[in-house]
**Q** 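Questions regarding the structure given below will be posed in turn.
Order of the sequence lines fixes the chain letters, A, B, ..., with proteins taken first and strands second; residue numbering starts at 1 for each chain. Just so you know, these numbers use all the heavy atoms, side chains as well, and skip hydrogens, waters and symmetry mates.
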2 protein chains.
Amino acid sequence: MAPTRQRTPTEIALIGRHTQQRSVVLAAFIRADGFVGAQALHAQLAADGTPVGLSTVYRTLTRLAGAGRADLVRDTGGERLFRYRPGPDHRHYLICTECGLSHPVDSAPIEDWADGIAQDSGFANVRHTVELTGVCPDCGGGQAATERQ
Amino acid sequence: MAPTRQRTPTEIALIGRHTQQRSVVLAAFIRADGFVGAQALHAQLAADGTPVGLSTVYRTLTRLAGAGRADLVRDTGGERLFRYRPGPDHRHYLICTECGLSHPVDSAPIEDWADGIAQDSGFANVRHTVELTGVCPDCGGGQAATERQ
DNA sequence: CATTGATCTGAAAATCATTCCCATCTAGCG
DNA sequence: CGCTAGATGGGAATGATTTTCAGATCAATG
Ligand SMILES: [Zn+2]
Ligand SMILES: [Zn+2]
Ligand SMILES: [Zn+2]
Ligand SMILES: [Zn+2]
């Protein structure tokens, strides 16, 4: 194997000590470029010839999410899917339930709305989760029906 | 025990055959008046002296959700929480993370926004999940900080 | 460099919600 | 009253995530 020089991504500083495994996990996570599950990432790492323990993958992703560098959703099966978030920005996605394609949406109206609710309600520390799911044009055969959960 | 005549809630017709267990589960579910997990409902039923199998509780709640008579969210631990929905209406709540108090919010702006996204994106069958959580005035001691997930 | 205490890793075991299996009931219909 | 598709329940199975903990690594220090 060629001696791959590891960079030291600044993200790692956010989540503790710098290690080989974290470098590799982070790199693969970024490369994934979309929502990935811990298990899938673990499998990918093994396939790439840089195996890392499943626990370590979980720990790394969980910490990244905690540090605000990863978005987190749950698929319908209850599995957690992570998505790398380069900056501190906050956004929402429309995700295809068939192929996983994720598509950022303009969420300014939501942010304003949520901020307004927070103000009016008297609740403290108001957070929101907004998920949009659907079937993308490539996957959906036909007519566009819009339903509400 | 007094012979409790069972009504036949119309909801049950939506999800199949009418049984004692379904009556009892549905009654407890409605009485719960807020988000409940299947396990909690199962425990409640046992405490009420009308034990029902856990599988049956799961089946009943799942079917109600399928029939559109229950809202469904996941708590941070991955557990599914159900909430009885009397009519076909659709709404969103601001839920206190401390005491569980849920507070309906005006979601018209969200609905419009989501509908707009659905239109523009070309995605079919677009659904949305919107959850607001915070600490209600009774539970929160002090100043109101608003964070974004 | 060598030392050393704090951290990290990973394989296996433990958790825990949810689903599956299947022998046994029962609602609903004639 | 029978009959049968549908329903029940308890225990086993599943599957994602977490915990455990002994040994490996890191980074700071002398
Ligand atoms: Zn798609
Ligand atoms: Zn937002
Ligand atoms: Zn409260
Ligand atoms: Zn809505």
**Q** Measure the distance from CG on B/Leu64 to P on D/dA7 and round it to the nearest whole Å.
**A** 13 Å
**Q** Looking only at side-chain N and O atoms, does A/Gln119 offer a donor or acceptor that is under 3.5 Å from a partner on A/Asp115?
**A** no
**Q** Short of 4.0 Å, heavy atom to strand atom, which residues of residues 75-83 of chain A count as contacting DNA chain D?
**A** A/Glu79, A/Arg80
**Q** Does anything in residues 33-44 of chain A reach DNA chain C, meaning a heavy atom under 4.0 Å, and if so which residues?
**A** none
**Q** Check nucleotides 25-30 of chain C for protein N or O atoms closer than 3.5 Å to its own N or O atoms and list the pairs.
**A**
unit_1, atom_1, unit_2, atom_2, d
C/dA27, O3', B/His18, O, 3.3
C/dA27, N3, B/Arg17, NH1, 3.4
C/dG28, OP1, B/His18, N, 3.3

**Q** Rounding to an integer number of Å, can you tell me how far B/Gln21 CD sits from D/dG10 P?
**A** 10 Å
**Q** With hydrophobic residues grouped by side-chain heavy-atom distances under 4.5 Å, do A/Tyr84 and A/Leu81 end up in a single group?
**A** no
**Q** Do the side chain of A/Asn125 and the main chain of A/Arg127 share a donor and acceptor less than 3.5 angstrom apart?
**A** no
**Q** So, using ring pair (Phe, Tyr, Trp, His ring centres under 6.0 Å) as the criterion, who are the partners of A/Phe35 when residues are at least two apart?
**A** A/Tyr93
**Q** Under 3.5 Å, is there a donor-acceptor pair linking the side chains of B/His103 and A/Ser121?
**A** no
**Q** Verify the contact: side-chain N or O of A/Arg22 to OP1 or OP2 of C/dT9, cut-off strictly under 4.0 Å; return yes or no.
**A** yes
**Q** With a 3.5 Å cut-off and no angle check, do the side chains of B/Arg83 and B/Ser102 form a donor-acceptor pair?
**A** yes
**Q** With a 4.0 Å cut-off on heavy atoms, is B/Arg74 in touch with a base, just the backbone sugar-phosphate, or nothing at all?
**A** nothing
**Q** B/Arg17: which residues meet the salt bridge (charged side-chain N to carboxylate O under 4.0 Å, His left out) condition with it, sequence neighbours left out?
**A** none
**Q** According to a 4.5 Å side-chain heavy-atom criterion applied to Ile, Leu, Val, Met, Phe, Trp and Tyr, with indirect links allowed, do B/Leu41 and B/Leu72 form part of one hydrophobic cluster?
**A** yes
**Q** Contact list please: residues 52-62 of chain A against DNA chain C, heavy atoms, distance less than 4.0 Å, in numerical order.
**A** A/Val52, A/Gly53, A/Ser55, A/Thr56, A/Arg59
**Q** Starting at atom CD1 of B/Ile12, determine the distance to atom C1' of D/dG6, rounded to an integer number of angstrom.
**A** 14 Å
**Q** Go through A/His92 and A/His128 one step at a time and tell me if the side chain to side chain donor-acceptor pair (under 3.5 Å) criterion holds.
**A** CA-CA 11 Å; A/His92 300 284; A/His128 64 264; 3.2 Å; yes
**Q** Is it true that A/Val36 and A/Leu64 fall in one hydrophobic cluster, defined by side-chain heavy atoms closer than 4.5 Å?
**A** yes
**Q** For B/Leu26 and D/dT8, give me the distance from atom CG to atom P, rounded to whole Å.
**A** 13 Å
**Q** When clusters are formed by joining ILVMFWY residues with side-chain heavy atoms under 4.5 Å apart, either directly or through shared neighbours, do A/Val130 and A/Val73 land in the same one?
**A** no
**Q** Can you get from B/Ile30 to B/Tyr58 by hopping between Ile, Leu, Val, Met, Phe, Trp and Tyr side chains that sit under 4.5 Å apart?
**A** no
**Q** Hey, is B/Asp106 close enough to B/Arg91 for a salt bridge, meaning N to O under 4.0 Å?
**A** no
